[in-house]
Amino acid sequence: MEDLGVDVAQAQLAMEQEVDGMLQQLTDAMESGGLPALANEVQEIRQKVRDVTAQVAVTGPPNVGKTTLISTALRLSAETAALLQHAPKPAPCFQPGRPRVIFWELPAIGGASFCVNTYLRQVDVDKYTGFLILSCTEFSREMLGLASELRRIGKPFCLIRSKIDVRRRCYRKREFADEVLCALRRQPLPHLDLESAVVRLFYLDCRDSEDFDFKPCVQALQDASPSALLRHSLLVSLSYLSNKFQLKTSLKQLTPIWAIHSLVVDPVGLAGLPYQVNARFLVDQIYFYRLILGIDFQALKVQAKRLRLPTFVLSDELRAGLPCSLSEVDVVAELTKWTALKVPVANSKLKWVPLLRQLPGGEISGAAVIRLLDFMVTQYMIDVYRIESKIAAVLRGE
Ligand SMILES: Nc1nc2c(ncn2[C@@H]2O[C@H](COP(=O)(O)OP(=O)(O)OP(=O)(O)O)[C@@H](O)[C@H]2O)c(=O)[nH]1
Ligand SMILES: [Mg+2]
């Protein structure tokens, strides 16, 4: 399936530019106010990254699967999904805690008096990162008119033909796409023709994130995000639906920031290390990687239960170079190892060297922490692939 015309390399480059901007801010802070200013700046950047929240609008006629799609994407419990069912629309929906993505179920589209511009004004179109427009039959002229207007204003959207499980033989058939979009075949809209609509057409069983185009649809929305940090937020918050390579790249692009954070915000001296570091911060960061990659014990337990397997069948696949539950002692031991090896900064991160040299522990401290974080992301990603192939083998009955 084609993407929304967004080049993934371009999306990665946008994140690189975002990170370059952060490097500049940190360098300026260091030059103007030394370590205290650097510590403040890196905390502000952290807050900014954590506060970015993607808002995804979900719309379509009644009974097409809007609530079901949201609850599958967010892996909501049946009780929470039932609450959403009855909430007045637009209804926000997110995972408990600090949400990085909020799905909004908008009022259903339809009725003789439906007007695209009035609808978009009423739902406050500007606040959304992107739109998912669902139909379980042909898309009406009104719905395509909405898509045309979104394209005009540059808002990303996906057209979703839901309940494809009922017509699974039609999945990705060009004749079926023509049928679903027949209103456009007859007459293109000012900003939407048949070909550009086909590129944005995805086929979903809204109840099952593993089947049909559920993941490609979410990934297309991620890649079309209007800003690099919004894309990062969507990659992280919907990590189990994300392209793992994109997720890994995005996580690694930010490791120098977290390394500097650990070296200048509340660092402490630790036996065996020639510089101070905030090991607790690193433990939390590494645990965060495990969590979003879905390889913490709780996530594996849920997966194993779904497959009717004992948890150890999956947890035995974990091979990351450190114990499952990482302590500060483990982190310090790893850092001591990387430091003794005098690991250099990776080629892709050489631009950080001038700033790292100004840290109290010098370049070697920054290089060691960045290496540790990058190593953990890589190792955990290998675990993710191992678990995915184990699950695939189980499903094949091996
Ligand atoms: N077979 C199948 N059923 C689905 C799919 N998506 C939703 N359903 C079912 O369709 C019915 C309506 O789903 P909802 O998610 O409530 O649809 P909605 O668009 O939110 O409905 P309203 O909020 O009432 O407009 C439910 O019985 C769902 O289980 C799908 O992709 N395939
Ligand atoms: Mg609903």
Side-chain angles (χ1 to χ4, degrees), residues 1 55-96 99 101-116 118-120 122-125 127-147 150 157-173 176-177 179-181 183 197-198 200-221 238 240-241 306:
M1 160 122 1
Q55 320 259 359
V56 180
V58 182
T59 187
N63 207 36
V64 290
K66 300 182 291 297
T67 307
T68 310
L69 184 154
I70 295 172
S71 104
T72 305
L74 292 175
R75 298 198 277 193
L76 300 179
S77 65
E79 298 78 51
T80 316
L83 289 178
L84 179 62
Q85 205 61 275
H86 301 110
K89 311 293 182 295
C93 195
F94 46 87
Q95 282 158 336
V101 59
I102 301 178
F103 281 90
W104 291 83
E105 182 168 343
L106 300 189
I109 296 177
S113 60
F114 180 78
C115 165
V116 169
T118 312
Y119 183 81
L120 287 178
Q122 278 170 353
V123 300
D124 192 8
V125 57
K127 86 173 184 202
Y128 302 109
T129 310
F131 277 70
L132 302 178
I133 308 172
L134 280 74
S135 171
C136 60
T137 55
E138 292 162 14
F139 281 87
S140 66
R141 195 83 189 153
E142 289 76 28
M143 296 168 78
L144 294 168
L146 180 77
L150 290 173
F157 64 90
C158 299
L159 297 170
I160 294 175
R161 169 55 165 87
S162 60
K163 308 195 183 182
I164 193 66
D165 49 295
V166 180
R167 310 258 323 250
R168 53 179 65 235
R169 282 179 174 205
C170 302
Y171 178 51
R172 288 195 186 177
K173 293 266 167 60
F176 186 60
E179 192 186 304
V180 169
L181 298 168
V198 168
R200 293 165 170 80
L201 180 61
F202 296 87
Y203 303 92
L204 266 64
D205 175 349
C206 300
R207 303 162 305 170
D208 187 353
S209 63
E210 293 299 318
D211 215 349
F212 302 106
D213 290 338
F214 208 106
K215 286 183 181 175
C217 176
V218 168
Q219 289 167 14
L221 191 70
L238 301 173
Y240 86 109
L241 300 169
R306 191 170 62 82

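Counting starts at 1 for both ligands and their atoms, following the listed order.
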Student: Between D213 and R172, does at least one N-O distance fall below 4.0 Å, as a salt bridge requires?
Tutor: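 Salt bridge: yes.
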
Student: Donor-acceptor pairs are to be reported for all side-chain atoms of residues 69-76 against protein atoms at under 3.5 Å, with residues two or more places apart or in another chain.
Tutor:
residue	atom	partner	partner atom	Å
T72	OG1	T68	O	2.8
T72	OG1	C206	O	2.5

Student: Select the closest option to atom 9 (C) of ligand 1 among K89, E105, K163, judged by heavy-atom distance.
Tutor: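 Shortest heavy-atom distance from atom 9 (C) of ligand 1: K163.
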
Student: Among all protein heavy atoms, pick the one closest to atom 24 (O) of ligand 1 and tell me residue, atom and distance.
Tutor: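 Atom 24 (O) of ligand 1 sits closest to the protein heavy atom N63 N, 4.0 Å.
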
Student: Report the member of V58, L134, D208, T68 with the shortest heavy-atom distance to atom 13 (O) of ligand 1.
Tutor: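 It is T68 whose heavy atom sits nearest to atom 13 (O) of ligand 1.
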
Student: Find out whether the Lys NZ or Arg CZ of K127 is both under 6.0 angstrom from the six-membered ring centre of W104 and within 45° of the ring's axis.
Tutor: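 Here K127 passes the 6.0 Å and 45° test against W104.
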
Student: Can T59 and E105 be said to form a side chain to side chain contact (heavy atoms under 4.5 Å, CB included), step by step?
Tutor: CA-CA 6 Å; T59 187; E105 182 168 343; over 6 Å; no

Student: Can you name the N, O or S atom of E105 that is closest to the Mg ion (ligand 2)?
Tutor: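 This residue's closest N, O or S atom turns out to be OE2.
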
Student: Does the protein put a heavy atom less than 4.0 Å from atom 26 (C) of ligand 1?
Tutor: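 Looking at atom 26 (C) of ligand 1, one finds that no protein heavy atom lies closer than 4.0 Å.
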
Student: Report yes if some N/O of A108 lies less than 3.5 Å from some N/O of ligand 1; otherwise report no.
Tutor: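 Min N/O separation from ligand 1 is not below 3.5 Å for A108.
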
Student: Which of the numbered atoms in ligand 1 are below 4.0 angstrom from a heavy atom of L204?
Tutor: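 Contacts of ligand 1 toward L204, numbered from 1: 31 (O).
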
Student: Can you list the atoms of ligand 1 that are under 4.0 Å from a heavy atom of D205?
Tutor: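 Counting from 1, the qualifying ligand atoms are 30 (C), 31 (O), 32 (N).
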
Student: Partners of K215 by salt bridge (charged side-chain N to carboxylate O under 4.0 Å, His left out), sequence neighbours excluded?
Tutor: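 Partners of K215 by the salt bridge (charged side-chain N to carboxylate O under 4.0 Å, His left out) criterion, ordered by chain and then number, come out as E210.
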
Student: Out of D211, D165, I160, L106, indicate the one that has the non-hydrogen atom closest to atom 32 (N) of ligand 1.
Tutor: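 Looking at heavy atoms only, D165 sits closest to atom 32 (N) of ligand 1.
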
Student: Are side-chain heavy atoms of V125 and Y119 found at a separation under 4.5 Å?
Tutor: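 They are not in side-chain contact.
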
Student: Got the closest protein heavy atom to atom 19 (O) of ligand 1, with its distance?
Tutor: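 For atom 19 (O) of ligand 1, the nearest protein heavy atom is K66 NZ, 2.8 Å.
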
Student: Is the gap between the ring centers of Y171 and F212 under 6.0 Å?
Tutor: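 Under 6.0 Å, so yes.
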
Student: Does R169, at its CZ atom, have more than 12 non-hydrogen atoms belonging to other residues, nucleotides or ligands within less than 6.0 Å?
Tutor: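 Not buried by this count: 12 neighbours or fewer within 6.0 Å.
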
Student: Considering only heavy atoms of P62, which atoms of ligand 1 have at least one such atom less than 4.0 Å away?
Tutor: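 Those of ligand 1 that fall under 4.0 Å from P62 are 25 (O).
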
Student: Identify the protein heavy atom lying closest to atom 31 (O) of ligand 1, giving its residue, its atom name and the separation to 0.1 Å.
Tutor: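 I find the closest protein heavy atom is C206 N, 2.7 Å.
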
Student: Which of the atoms in ligand 1, numbered in the order shown and given with their element, are less than 4.0 Å from a heavy-atom of Q85?
Tutor: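 In order of numbering, the contacting atoms are 16 (O).
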
Student: Relative to atom 17 (O) of ligand 1, which among G65, A91, A82, P61 owns the nearest non-hydrogen atom?
Tutor: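 Going through G65, A91, A82, P61 one by one, G65 has the nearest heavy atom to atom 17 (O) of ligand 1.
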
Student: So, is the end of the R200 side chain (NZ or CZ) under 6.0 Å from the ring centre of F157 and within 45° of the ring's axis?
Tutor: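 Geometry flag: set, cation within 6.0 Å and 45°.
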
Student: Can you check whether F114's main-chain N or O pairs, donor with acceptor, with E142's side chain at less than 3.5 Å?
Tutor: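 Such a contact is absent between E142 side chain and F114 backbone.
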
Student: Below 3.5 angstrom, do we get any N/O pair linking I164 and ligand 1?
Tutor: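 No; the residue has no nitrogen or oxygen that sits under 3.5 Å from a nitrogen or oxygen of the ligand.
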
Student: Within T67, is some N, O or S atom less than 2.8 Å away from the Mg ion (ligand 2)?
Tutor: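 It does: T67 brings an N, O or S atom closer than 2.8 Å to the Mg ion (ligand 2).
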
